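Here is the structure we will look at.
Since we're looking at a predicted model, the values are computed, not measured. Reminder, nothing fancy here: chain letters follow the sequence lines and each chain counts from 1.
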There are 2 protein chains.
Amino acid sequence: MDVRTLCLAVLYQGEASGYEIKKAFKEGAFSHFQDASFGSIYPALGRLSSEGLVECTQMAQEKRPDKKVYKLTQNGEDTLITSLLAPPTPDRFTSDFFFILYFAELLPLLQVIKLLDQRISFYQETINRMTQCDPASLPTGRRLCHGLGLTVYQNSLIYLEENKERFIAELRSQHEIPSSIDTNLKQIDTNRHTS
Amino acid sequence: MDVRTLCLAVLYQGEASGYEIKKAFKEGAFSHFQDASFGSIYPALGRLSSEGLVECTQMAQEKRPDKKVYKLTQNGEDTLITSLLAPPTPDRFTSDFFFILYFAELLPLLQVIKLLDQRISFYQETINRMTQCDPASLPTGRRLCHGLGLTVYQNSLIYLEENKERFIAELRSQHEIPSSIDTNLKQIDTNRHTS
DNA sequence: ATAATATATATCGACTTGATATATATTGAA
DNA sequence: TTCAATATATATCAAGTCGATATATATTAT
């Protein structure tokens with residue numbers, strides 16, 4: 001979803017500045033499945049403003065730098081709904097954690113253990129944060145998002161906790177045969193390209 | 001993870017052309033947690049080649065266009081390992097599905113049902129594809145990736161199947177009061193910005 | 001026959017990120 | 001108390017990335 005639509009979506013829930021829109025992606029409601037940087041938010045707001053999809057009110061603040069508060073227009077609201085009706089593009093998931101884990105045999109065991117422990121902490125903290133909020137207080141669509149997301153984190157945590165020890169033991173046993181460290185993974189696909 | 005490292009990772013498993021590297025992200029081993037386009041793969045291979053991290057062999061093919069087969073050098077292998085030791089950047093997950101679902105109240109009910117059904121099919125197909133492969137045949141790290149990923153898809157499917165009907169019934173009941181269609185979500189955060 | 005898909009490399013405009021610059025207030029630690 | 005870090009607030013820019021497109025041919029399906 002393009003940043004312009006993302007801005008409209010945040011503004012649908014109440015007027016906000018560029019800084020506050022960024023927060024919605026960093027910590028707020030959209031943080032688990034969308035993101036945008038200042039470098040794309042500010043230009044997007046400028047274009048939305050010139051197209052009449054949002055209105056800007058310059059708030060000359062007492063002490064802090066000027067705050068530009070953006071508000072959705074009726075046209076902007078209609079445009080948001082239309083964008084939501086378009087067929088969704090496939091999810092995009094990019095993870096260094098999975099990428100590094102994939103090559104676990106090539107890395108020092110302590111490094112891998114650290115990676116897993118950090119991941120377990122990440123899942124625990126995320127679950128704690130998400131269970132702060134009472135699902136019953138959420139609108140229907142938002143509640144399903146919340147429930148599905150929470151399920152993913154909870155089951156990921158369970159899986160890692162259940163398999164961590166076995167996994168580490170297996171890696172340790174492989175480290176005991178030093179000559180195999182480097183060749184383990186290569187063996188798998190060696191004869192793929194025999195044309 | 002930058003595209004250069006991703007190319008080294010694919011080449012670690014066997015020599016490959018740019019086209020074959022792209023396939024590793026589209027359908028192959030890395031498809032669930034990494035991606036790269038031709039527009040970044042080809043320049044990356046050129047740079048890796050000039051830096052001596054990969055070697056290129058031009059295969060003058062009989063009928064098809066020339067194939068440039070890239071192979072990892074020792075230097076490239078070392079560079080890959082070093083990159084894997086760097087602290088992982090946070091995951092990035094971007095989903096139109098979650099984004100649209102979040103605003104379910106604003107959309108025609110049939111549209112939402114279609115969205116959920118497509119999602120359920122997507123999970124089912126992904127699980128089917130992933131269960132084709134025998135986990136026991138995979139190296140340790142790769143097996144944990146596979147297991148954790150599969151768990152996520154399976155539990156997402158279960159959650160959606162268990163909650164779909166209740167969710168749709170709830171949306172339907174809200175549609176019966178037409179005046180509420182537009183205001184449901186707005187009510188939540190209306191008095192946040194009362195300064 | 002002919003449309004669609006697969007193999008194969010390459011380029012390019014448009015967009016996005018991550019870092020940086022600028023300026024001030026508040027909070028917490030030494 | 002002083003000093004560092006964090007938070008509020010906008011804006012820009014180099015570097016990197018995507019998605020589309022061009023080019024050319026073989027195979028598969030309709």
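The interatomic distance linking A:Glu20 (CD) with D:dA9 (P) rounds to 6 Å, in whole Å. Atom CZ of A:Arg47 and atom C1' of C:dC15 are 11 Å apart (whole Å). B:Lys67 has its NZ atom 13 Å from the C1' atom of C:dT9, to the nearest Å. The CG-P distance, from A:Leu6 to C:dT16, rounds to 9 Å in whole Å. Between the CD atom of A:Glu27 and the C1' atom of D:dT8 there is a distance of 12 Å, given to the nearest Å. Note: NZ (A:Lys26) to C1' (D:dT6) measures 9 Å, nearest angstrom.
Here A:Phe93 pairs with A:Phe98 under the ring-ring contact (aromatic ring centres under 6.0 Å, His included) rule; sequence neighbours left out. Every residue two or more places apart in sequence or in another chain was checked for a side-chain hydrogen bond (donor to acceptor under 3.5 Å, both in side chains) with A:Thr94, and none qualifies. Under the rule for a side-chain hydrogen bond (donor to acceptor under 3.5 Å, both in side chains), the partners of A:Ser17 that lie at least two apart in sequence or sit in another chain are A:Glu20.
Within the 4.0 Å cut-off from OP1 or OP2 of C:dT7, not a single side-chain nitrogen or oxygen of B:Ser17 is found. Under 4.0 angstrom from either OP1 or OP2 of C:dT9 there lies at least one side-chain N or O belonging to B:Tyr42. For B:Tyr19, no side-chain nitrogen or oxygen approaches OP1 or OP2 of C:dT9 to under 4.0 Å. Look at A:Lys22 and you won't find any side-chain N or O under 4.0 angstrom from OP1 or OP2 of D:dT10.
Within 4.0 Å of A:Lys23, counting heavy atoms only, lie sugar-phosphate atoms of the nucleic acid but no base atom.
The aromatic rings of A:Phe122 and A:Tyr153 stand perpendicular to each other, their planes meeting at an angle above 60°, with 30° marking the opposite boundary.
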Only distances under 3.5 Å count here; give the side-chain donor-acceptor pairs of residues 46-55 of chain A to other protein atoms, sequence neighbours excluded, each with its distance to 0.1 Å.
residue, atom, partner, partner atom, Å
A:Arg47, NE, A:Glu51, OE2, 3.3
A:Ser50, OG, A:Arg47, O, 2.9
A:Glu51, OE1, A:Arg4, NH2, 2.3
A:Glu51, OE2, A:Arg4, NH2, 3.4

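In this structure, A:Tyr42 belongs to a hydrophobic cluster whose other members, linked by side-chain heavy atoms under 4.5 Å apart, are A:Tyr19, A:Phe38.
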Every protein N/O within reach of nucleotides 17-19 of chain D N/O, cut-off under 3.5 Å:
residue, atom, partner, partner atom, Å
D:dC18, OP2, B:Ser37, N, 3.0
D:dC18, OP2, B:Ser37, OG, 3.0
D:dC18, OP2, B:Ser40, OG, 2.9
D:dG19, OP1, A:Arg92, NH2, 2.7

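A rotation axis mapping the C1' atoms of four pairs onto the next four is fitted at both ends of the helix from C:dA1-D:dT30 to C:dA30-D:dT1 over five pairs, and the angle between these axes is 50° to 10 degrees.
Sorted by first and then second residue, the salt bridge (Lys or Arg N to Asp or Glu O under 4.0 Å) pairs involving residues 27-37 of chain B (not counting sequence neighbours) are B:Lys22-B:Asp35. Within the structure, salt bridge (Lys or Arg N to Asp or Glu O under 4.0 Å) pairs that include any residue of residues 124-135 of chain A do not occur (at least two apart or interchain).
Taking the six-membered ring for Trp and the full ring otherwise, the centers of A:Phe30 and B:Tyr102 sit less than 6.0 Å from each other.
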